[in-house]
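Worksheet: one structure, shown below.
Every number for a ligand or one of its atoms is a count from 1 in the order of the listing. Heads up: numbering here begins at 1 and tracks the sequence. Model, not experiment: these values are computed from the prediction.
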Amino acid sequence: MPIINPSQARPEYDVAIVGSGAGGGQMAYTLTMAGLKCVMLEAGRDYHTDDETAMFQRPDQAPLLGTPTPDKHFGFYDATIDGGWQVPGEPYTQASSKPEEQFWWWRARMLGGRTNHWGRISLRNGPYDFKPRSRDGLGFDWPVGYEDIAPYYTKVEMLIGVYGTNEGMENAPDSPPGVLLPPPRGRASELLTQKHARKVGVPVISIHRAVLSRLLDAETIPAKLHPGNPRAQKITADAMRARAACFWATHCGRGCNIRANYQSTTVHLPPALATGNLDIITNAHVREVTLGQDGRAGGVLFIDKKTGREERVKAKAVVLAASSGETVRILLNSKSAQFRNGLANRSGLVGKYIMDSVGTSVSGHVPALENLPPHNEDGAGGSHFYAPWWLCREQKAGRLDFARGYHIEMGGSRQMPGGHSPVPADLVRGAYGTKFKEEARRYYGSMVGFSCRGEMIPNEHSFADLDPQVKDKWGIPVLRWHWRWSDHELNMARHSVRTFSAIIEAMGGTVRTQPVKDGKDAIAPGGKIIHEVGGALMGDSPKQSVCNQWSQTWDVKNLFLCDASPFPSNADKNPTLSIMALAWRRGDYIIEQSRRGNL
Ligand SMILES: Cc1cc2nc3c(=O)[nH]c(=O)nc-3n(C[C@H](O)[C@H](O)[C@H](O)COP(=O)(O)OP(=O)(O)OC[C@H]3O[C@@H](n4cnc5c(N)ncnc54)[C@H](O)[C@@H]3O)c2cc1C
Ligand code: SF4
């Protein structure tokens, strides 16, 4: 992948994009297809999916059989080749010493960011998710509605390829006919869950994931994505033809060098580079956005991590897509006489209202899944089924003690084991030799697990500011996290674990997770679900938000935020498809402004 050094940068670009993950990748794709000259600054190193993706290695070929370690949290072969809960020399701090008031911050430092190993679950927000305050009086409405974003969800789904089904369920939108790729069949545990979850009222359907269950139609899709732009159509068609369909065998979390799943590095960046309109500078840690006398962003100042020197690039517009937390940090560190409290922060709201997803999990053992005949359930490298939030009406009628929904993700099958034993030690304890093998075969595939991914309501106690003392290895102030759940999230957590136990029991199984009385014992720490959104909310007025519906900051007109930092709420739907849909829409707006000479 062609990468330039800072000294090779053009004197000025149309747009400087900070970050190369879902938001930055989509923005680079959209802008370069329209002919804008862009430079992308990426703090991590270059990453070559073709020869660095550990797709076929077996656990026994890895140190410690590939078991997760602090620097390889998702196992030795995980696609995150740099980054994690801690990044050496780049600390973050907590305002409170209480664990329940702390935020776990996952940062990937590599080209493509977290998209190299994300779960690829790609759900559209529904109509209620854009107007939550209008429904229940809590949090904030978005300045856009589902109808504004729906065409962009469709475009993104067509470009990246998403499998799933249209089920017509409340607040879990369908895609237009023909857009979704065919879903894989359910695995044994998923089919059994589907059958028995009905008894407790939970609908289990095909999940939507960004995996090519068949080849994309390179003959027709590019013309739909780029009408009237034959060059963009050709480049997109070539990029689609360079992708293969999933061969149902490997862990998507290690990345996919046949380009069957979505990663920014395999889907967004290759066509963007093929336009000739994109320069990428890796190992470029952006410290601040530079500001001209005229109050407009002039470009960015960054540390070249290879030399330690400060460098600059100039651009007519700047897009921050460094992930919500890092975008907040860059804004707060971009201080000037005009913005003493951080750039675009006249509202004082930069860093406020950060959200994660509510996460809980329960596992169980289901005898009906024991001793299944050997069969391959590797599948699409992640879930095939899930349960969307099914109690919208009960909630609206006030019959639940929490205001928002959650969906259920599920696991458990006879997939190729990772670095851990797929059979819990206590079930085979005392067995040796042939008996041990029989017991292992009996229990392999009989464990099920359910996870909650639920909506957190933004609150004023969950935010990030700059630590007044601590700096990173380049002397840049670091983020300090403040965190608190409200009763809505804790009650949701309790409801979810009860539901999961009921499903396991309906399957004739036994719950193996320790029972919990309270939501606070069940809920994962803030940040742990790695769905951090918010911190620079979009809204209708400069006093009550940081940016407008185009994620254009109110205070600096040529500065745009393109990750999840502008999200006014964090629906139970995993955020990345929405990040990309909004990025495409903002990209179209930037292109229009550029044509009018407003950049
Ligand atoms: C294990 C895991 C599973 C997940 N599963 C799902 C899922 O199934 N569905 C879903 O929707 N989401 C999922 N997510 C979340 C998803 O990965 C993120 O929502 C998405 O990647 C966010 O995109 P982004 O562009 O905002 O940030 P990122 O993808 O994190 O990209 C940000 C980039 O900016 C760079 N950067 C940061 N700071 C600077 C700086 N100062 N200067 C220059 N560059 C900088 C980073 O190095 C990084 O490359 C998962 C995440 C993880 C870790
Ligand atoms: S399961 Fe399919 S999409 Fe996932 S890494 Fe393997 S081949 Fe690629």
*asked:* For atom 47 (O) of ligand 1, what's the nearest protein heavy-atom neighbour? Residue, atom name and distance, please.
replied: E42 OE2, 2.6 Å

*Indicate, with yes or no, if the rings of F74 and H117 have centres closer together than 6.0 Å.*
yes

*Would you mind checking which non-hydrogen protein atom is closest to atom 4 (Fe) of ligand 2, with the distance to 0.1 Å?*
C252 SG, 2.3 Å

_salt_bridge(D129, K573) N-O dist < 4.0 Å_ = yes

*Which atoms from ligand 1 have a heavy atom of N574 less than 4.0 Å away?*
7 (C), 8 (O), 9 (N), 10 (C), 11 (O)

*Using a heavy-atom cut-off of under 4.0 Å, does the side chain or the backbone of I330 touch ligand 1, or both, or neither?*
side chain

*Fit a plane to each ring of W483 and F103, take the angle between them on a 0 to 90° scale, and name the class: parallel (under 30°), tilted (30 to 60°) or perpendicular (over 60°).*
tilted

*Have a look at ligand 1 and work out which part of T80, if any, has a heavy atom under 4.0 Å from it: side chain, backbone, both or neither.*
neither

*ligand 1 to T576 polar contact by distance, N or O atoms, under 3.5 Å*: yes

*Taking atom 3 (S) of ligand 2 as the point of reference, which of A260, A79, S213, A380 owns the nearest heavy atom?*
A260

*For G24, is at least one N or O under 3.5 Å away from an N or O on ligand 1?*
no

*Looking only at protein heavy atoms, which one is nearest to atom 45 (C) of ligand 1, and how far off is it?*
A43 CB, 3.6 Å

*Starting from atom 38 (N) of ligand 1, find the nearest protein heavy-atom neighbour and note its residue, name and distance.*
E326 CG, 3.1 Å

_Are Y262 and H268 an aromatic pair, judged by ring center distance below 6.0 Å?_
yes

*Numbered atoms and elements of ligand 1 in range of G21, under 4.0 angstrom, heavy atoms*: 25 (O), 29 (O), 31 (O)

_Residue, atom name and distance, where the atom is the protein heavy atom closest to atom 1 (C) of ligand 1_ = F74 CZ, 3.4 Å

*May I ask you to identify the nearest protein heavy atom to atom 6 (Fe) of ligand 2, giving residue, atom name and distance to one decimal place in Å?*
T250 OG1, 2.2 Å

*2.8 Å cut-off met by an N, O or S atom of C246 to atom 2 (Fe) of ligand 2*: yes

*asked:* Does ligand 1 come near enough to D563 that some N or O of the ligand is less than 3.5 Å from an N or O of the residue?
replied: no

*Pick from M456, M355, K352: which one makes a side-chain contact (heavy atoms from CB on, under 4.5 Å) with S462?*
M456

_Can you report which non-hydrogen protein atom sits closest to atom 27 (O) of ligand 1, along with the distance?_
R114 NH2, 3.4 Å

*Quick check: does G113 get an N/O under 3.5 Å from an N/O on ligand 1?*
yes

_Short N or O distance, A108 and ligand 1, threshold 3.5 Å exclusive_ = yes

